[in-house]
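Everything below concerns the one structure shown next.
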Amino acid sequence: MKIWHVDDVMTTEVVTAAPAATYRQLVDLIIERRVGAVPVIDDFRRVTGVVSEADLLRKIEYAEDDQPRLFEGRRRRDQRGKAAAGTAAELMSTPAVTALRGTSIPSAARIMEREQVKHLPVTDDLGRLVGIVSRADLLRVHLRADDDIRTDVDSGVLQALSIAGSVKARVVDGVLTLTGRVDRRSTAERAVAAARQIPGVAAVTDRVAFDYDDNWLEGAVSPLGIA
C-alpha cells in the first residue's frame with residue numbers, strides 16, 4: 001500500500017521572490033502566475049517567509065484608514081504595518097510555516113489547520129525549497145480511481161489482517177463498503193480503522209459481522225481476581 005506524502009501532490013516549479021522584491025513585483029507575480037502565495041527565499045533557496053494575497057491586500061484594506069487608533073491590538077498594528085510595507089521582506093509572514101519533504105498528507109492538513117495557512121512550502125532537511133502545496137493540492141488524494149483504492153484496501157488491510165478470503169471490499173466514488181464475517185469483533189474494528197487511513201477513502205460503510213465479541217475482556221476481572 002502506498003502512503004501518500006506532500007511529495008506526491010506538491011507543485012515543484014514554485015513561483016518565488018527575493019526579499020528585496022517590491023510590492024508591485026509581488027502583485028504581478030501572484031496575478032500573472034495565478035498563485036495564492038509566494039515563498040520568499042534567500043540565495044541558498046532557504047525559505048525565510050511567505051507573502052500571501054492577504055498580505056498584499058492590507059495596502060488596499062487600510063488605504064482609507066492609515067492612522068493608528070488608541071488601544072489598537074497587536075494584530076491590527078501588524079496588519080497596518082504591512083499596509084505601509086514596500087518589499088517582500090517587510091510584507092512576508094515569518095517564520096514561514098513549512099513542511100518537510102516526506103510529510104504525510106494528513107499531517108500536512110493538520111499543520112495548515114493549526115497554523116491557519118492556505119499554502120505550505122515544502123523543504124528538504126537543509127530548509128531549501130523543493131515544492132509547495134495548497135489546500136486544493138491535498139484534496140487530490142480524493143481523486144484516486146476507485147479500483148486503485150480497492151487494491152490498496154485488499155493488500156494493505158485485508159491481506160495484512162489475513163481476512164482477505166472472508167471480507168470483501170467495494171468502492172464507489174471513494175466510499176468503501178466492507179462486507180463479510182470474521183471471528184472476532186476486534187479484528188473487524190481494526191479492519192475498519194485501517195481502511196479509513198487508505199488515501200482516497202472518503203467514508204467507510206461497515207457491514208462486517210463477527211462470531212465472538214472479545215471487547216468485553218477489556219477491564220474485565222477473572223474469577224481469580226486477575227485482570
Do the side chain of Thr151 and the main chain of Asp147 share a donor and acceptor less than 3.5 angstrom apart?
yes

Short side-chain to backbone donor-acceptor contact, Glu115 and Met112, under 3.5 Å
no

Would you say Val50 and Met92 make side-chain contact, with heavy atoms under 4.5 Å?
no

Test log, rule salt bridge (Lys or Arg N to Asp or Glu O under 4.0 Å), inputs Arg184 and Asp211
CA-CA 6 Å; Arg184 296 173 180 268; Asp211 297 323; over 6 Å; no

Which donor-acceptor pairs under 3.5 Å do the side chains of residues 133-144 make with protein atoms, sequence neighbours left out?
unit_1: Ser134; atom_1: OG; unit_2: Ala136; atom_2: N; d: 3.4
unit_1: Ser134; atom_1: OG; unit_2: Asp137; atom_2: N; d: 3.2
unit_1: Ser134; atom_1: OG; unit_2: Asp137; atom_2: OD2; d: 3.2
unit_1: Arg135; atom_1: NE; unit_2: Val117; atom_2: O; d: 3.4
unit_1: Arg135; atom_1: NH2; unit_2: Val117; atom_2: O; d: 3.4
unit_1: Asp137; atom_1: OD1; unit_2: Arg140; atom_2: NE; d: 3.4
unit_1: Asp137; atom_1: OD1; unit_2: Arg140; atom_2: NH2; d: 2.9
unit_1: Asp137; atom_1: OD2; unit_2: Ser134; atom_2: N; d: 2.8
unit_1: Arg140; atom_1: NH1; unit_2: Val9; atom_2: O; d: 3.2
unit_1: His142; atom_1: ND1; unit_2: Gly200; atom_2: O; d: 3.4
unit_1: Arg144; atom_1: NH1; unit_2: Asp152; atom_2: OD2; d: 3.1
unit_1: Arg144; atom_1: NH1; unit_2: Pro199; atom_2: O; d: 2.8
unit_1: Arg144; atom_1: NH2; unit_2: Asp152; atom_2: OD2; d: 3.0

Go through the steps for Asp214 and Arg185 under the test salt bridge (Lys or Arg N to Asp or Glu O under 4.0 Å), then give the verdict.
CA-CA 6 Å; Asp214 55 340; Arg185 178 176 179 174; over 6 Å; no

Answer yes or no: is there a side-chain heavy-atom contact under 4.5 Å between Val122 and Ile132?
no

In short, Met10 meets Gly131 closest at the heavy-atom pair SD-CA, 3.9 Å

Which heavy atom in His5 sits nearest to a heavy atom in Gly102, and how many Å separate them?
CD2-O, 2.8 Å

Would you find a donor on one side and an acceptor on the other, under 3.5 Å apart, between the side chain of Thr94 and the backbone of Thr48?
yes

Taking the side chain as everything from C-beta on, heavy atoms only, tell me whether Leu29 gets closer than 4.5 Å to Val35.
no

Distance only, no hydrogens: is a donor on one side chain within 3.5 Å (strictly under) of an acceptor on the other, for Ser52 and Asp55?
yes

Flag the pair Asp28 and Arg24 as a salt bridge only when some basic side-chain nitrogen lies within less than 4.0 angstrom of an acidic carboxylate oxygen.
yes

Gly156 backbone acceptor or donor facing Gln159 side chain under 3.5 Å
no

Hydrophobic cluster identity match, Val47 and Val14, side-chain contacts under 4.5 Å:
yes

Does Glu13 CD have over 12 foreign heavy atoms under 6.0 Å away?
no

Considering all heavy atoms, the nearest Val208-Ala188 contact:
CG1-CB, 3.8 Å

Smallest heavy-atom separation, Val97 atom then Leu120 atom, equals O-CD1, 3.5 Å

On a heavy-atom basis, which atom in Gly174 and which in Ile149 lie closest, and how many Å separate them?
CA-CD1, 4.3 Å

If you look at every heavy atom in Pro19 and Ile41, which pair is closest and at what distance?
CD-O, 3.4 Å

Between Glu113 (side chain) and Ala109 (backbone), is there a donor-acceptor pair under 3.5 Å?
no

